[in-house]
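For reference, the structure is listed below as structure tokens.
Note: hydrogens, waters and symmetry copies are ignored here, and every other heavy atom, side chains too, is used. Throughout, protein chains are lettered first and strands after them, A, B, ... in sequence-line order, and every chain is numbered starting at 1.
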Protein chains: 2
Amino acid sequence: MTDDLLSAIDRDSYEPAYAQLVRILTRQIAAGLFRPGDLLPSEAQLCDRYGVSPMTVRRVINILADQGVVIAKQGRGTFVKPLELGTATFDLGTLLQLLKEESNSKVKFLEARITPATKRTAGKLAITSGDRTVFIRRLIYHNEQPVLLHREHVIYDPSRPIIEAEMEVTALRGLFSGGSKSGLKRGELAIDVTVLTAEEAILLQTSVGAPAFRLEHIFCDYDDRPVSWGWFICAGEHLRFTASIGVYE
Amino acid sequence: MTDDLLSAIDRDSYEPAYAQLVRILTRQIAAGLFRPGDLLPSEAQLCDRYGVSPMTVRRVINILADQGVVIAKQGRGTFVKPLELGTATFDLGTLLQLLKEESNSKVKFLEARITPATKRTAGKLAITSGDRTVFIRRLIYHNEQPVLLHREHVIYDPSRPIIEAEMEVTALRGLFSGGSKSGLKRGELAIDVTVLTAEEAILLQTSVGAPAFRLEHIFCDYDDRPVSWGWFICAGEHLRFTASIGVYE
DNA sequence: ATTGACGACTTCCCTATATAATTGTACAAT
DNA sequence: ATTGTACAATTATATAGGGAAGTCGTCAAT
């Protein structure tokens, strides 16, 4: 208790004042000193209490607010937010970490050929059915073990000089680390569940019917035209998305 | 072009200056005026260009930076970030939206009984095997159709007054909207894939072996002790996680 | 009892200014 | 060639304060 009350900004620290105050308030909330629904001290009070300027306190409140820890209501005060499932966010960090370590991972090209677009592919890429696309299949290994199967359709259009660069980017390495000259503007991702087909099971060296993630992606260029559509298949045993909600000290 | 160059802060607008500038810069980036890797105008230049104070520009840069659109490097400048898969974040918004509309969704209690903890449950809840827990099974309907199956183990310990409140919170409604008096501090979530067992398939009125999401959760109280462990099962056909990366105007 | 005006308090937005920290360059000294 | 120094440009942090806008209670007028 007294520890929390005695906590103060250390002016000699390399840690900026605002960061220290974020830490202090977060810890106080985590310790239960302020519970969900409680009113935090007003900004003026925090200024006096910690000897910082209003702008600094505002900055701290803003940070806590878009961390989702508190919510500030004009004219009323700043309140501690309760635990909400909806605030949980999952990312691809775990998936990508596997592949970041170059040494342990490698990519095997299975196939790359030019083929007319099916109706479905044409729909996804906003082209007309029968237009030519480059179809690519890759197998990504981690520790000598196949983990990801990647299928992708890339628009084949010699009139677009972008294409060449796309192929680079789509070379996975670029996709993950983000090549600077990509010419890609945005992408849409979606996660589905599926069960492995016979072909997929063989490639991924596991059993048919096993549950798997399917990560679909579409990338668009600066004219908002789709350039590539594809998806990764990953057996469930190799992947898990995790998230945390609430306050962590 | 000229449109982008002529764009200015409207002082009479209700939209704050910082928000307007975020919008302006975002649109310029989305339009390809600044490409990945490019250097943005310096903060001083932006001040002159748009007639705002340095603090306001700093706020704008900060917002863009933690949106992942740009990255500011001290002493060098602010750069436009390339597209990176790792920045994609998925949330439970779609899942929860289904259940927010009270009218279309209802919860059916299947079971709630006190039972000794198995080894696995004890491990998850950090109690000793054989301790009593409350086991709960629920079925969540949306539009008269079963969508989610929920299983949960809650610690049964009369000496903890929290328990009573937990039961409230765990009453789903509270879980989603976040009861203010929850007494819960934090939670861990994980998404797995699985295939439906016979029992699950019957309850969810779909077929055995169908792929499904499994959303596991553990909630802890203010002493960091686990209070409840459980998971939702959702057939894949009803759920899809989506995310976007890149710049949206 | 209801309404309306006022004031106290709060968060929100913005300006103006100053100082520190980091980086890169140019140039002189070694 | 390498090193060191000085300088300019940049972002990062912080101070001090003012006005706008929202909320809530008080108190007088109706």
For Ile61(A) and Tyr14(A), take the nucleotide of DNA chain C holding the closest heavy atom to each; which residue's nucleotide lies nearer the 5' end? Ile61(A)
Asp48(A) meets the side-chain contact (heavy atoms from CB on, under 4.5 Å) criterion, sequence neighbours left out, with none
Distance-only donor-acceptor pairs under 3.5 Å for side chains of residues 12-23 of chain A, two or more places apart:
{"residue": "Ser13(A)", "atom": "OG", "partner": "Glu15(A)", "partner atom": "N", "Å": "2.9"}
{"residue": "Glu15(A)", "atom": "OE1", "partner": "Arg23(A)", "partner atom": "NE", "Å": "3.4"}
{"residue": "Glu15(A)", "atom": "OE1", "partner": "Arg23(A)", "partner atom": "NH2", "Å": "2.9"}
{"residue": "Glu15(A)", "atom": "OE2", "partner": "Arg23(A)", "partner atom": "NE", "Å": "3.1"}
{"residue": "Gln20(A)", "atom": "OE1", "partner": "Asp10(A)", "partner atom": "N", "Å": "2.8"}
{"residue": "Gln20(A)", "atom": "NE2", "partner": "Asp10(A)", "partner atom": "O", "Å": "3.0"}
{"residue": "Gln20(A)", "atom": "NE2", "partner": "Glu15(A)", "partner atom": "O", "Å": "2.7"}

OP1 or OP2 of dT11(D) sitting under 4.0 Å from any side-chain N/O of Thr78(B)? yes
Presence of salt bridge, Arg186(B) and Asp224(B), under 4.0 angstrom: yes
Grab the OH-P distance between Tyr50(B) and dC13(C) for me, whole Å please. 20 Å
Under 4.0 Å protein heavy-atom contact, by nucleotide of nucleotides 14-20 of chain C - B base, S sugar-phosphate only: BBBB---
Nearest-angstrom distance from the residue atom CG of Asp10(A) to P of dT13(D): 16 Å
Rounded to whole Å, CG of Asp48(A) lies from C1' of dG17(D) at a distance of 15 Å
Gln45(B) atom CD is separated from dA8(D) atom P, nearest whole Å, by 17 Å
Please give, in whole Å, the distance from dA20(D) P to Asp12(B) CG? 13 Å
Excluding sequence neighbours, so at least two apart, what forms side chain to side chain donor-acceptor pair (under 3.5 Å) with Lys124(A)? Glu216(A)
Separation of atom CD in Glu43(B) from atom C1' in dT13(D), rounded to whole Å: 11 Å
Rounded to the nearest 0.5 Å, what's the gap from OG on Ser228(A) to CG on Leu184(A)? Could you check? 7.0 Å
So, is Arg76(A) near the phosphate of dG22(D), with a side-chain N or O under 4.0 Å from OP1 or OP2? no
Rounded distance (Å) that lies between atom P of dC9(C) and atom NZ of Lys73(A): 22 Å
Here the distance between atom P of dA14(D) and atom CG of Leu46(A), to the nearest Å, is 15 Å
Any residue meeting side-chain contact (heavy atoms from CB on, under 4.5 Å) with Gln67(A), in chain and number order, not counting sequence neighbours: Ile63(A), Leu64(A), Val69(A)
Under the side-chain contact (heavy atoms from CB on, under 4.5 Å) test, which residues partner Gln145(B), sequence neighbours left out? His238(B)
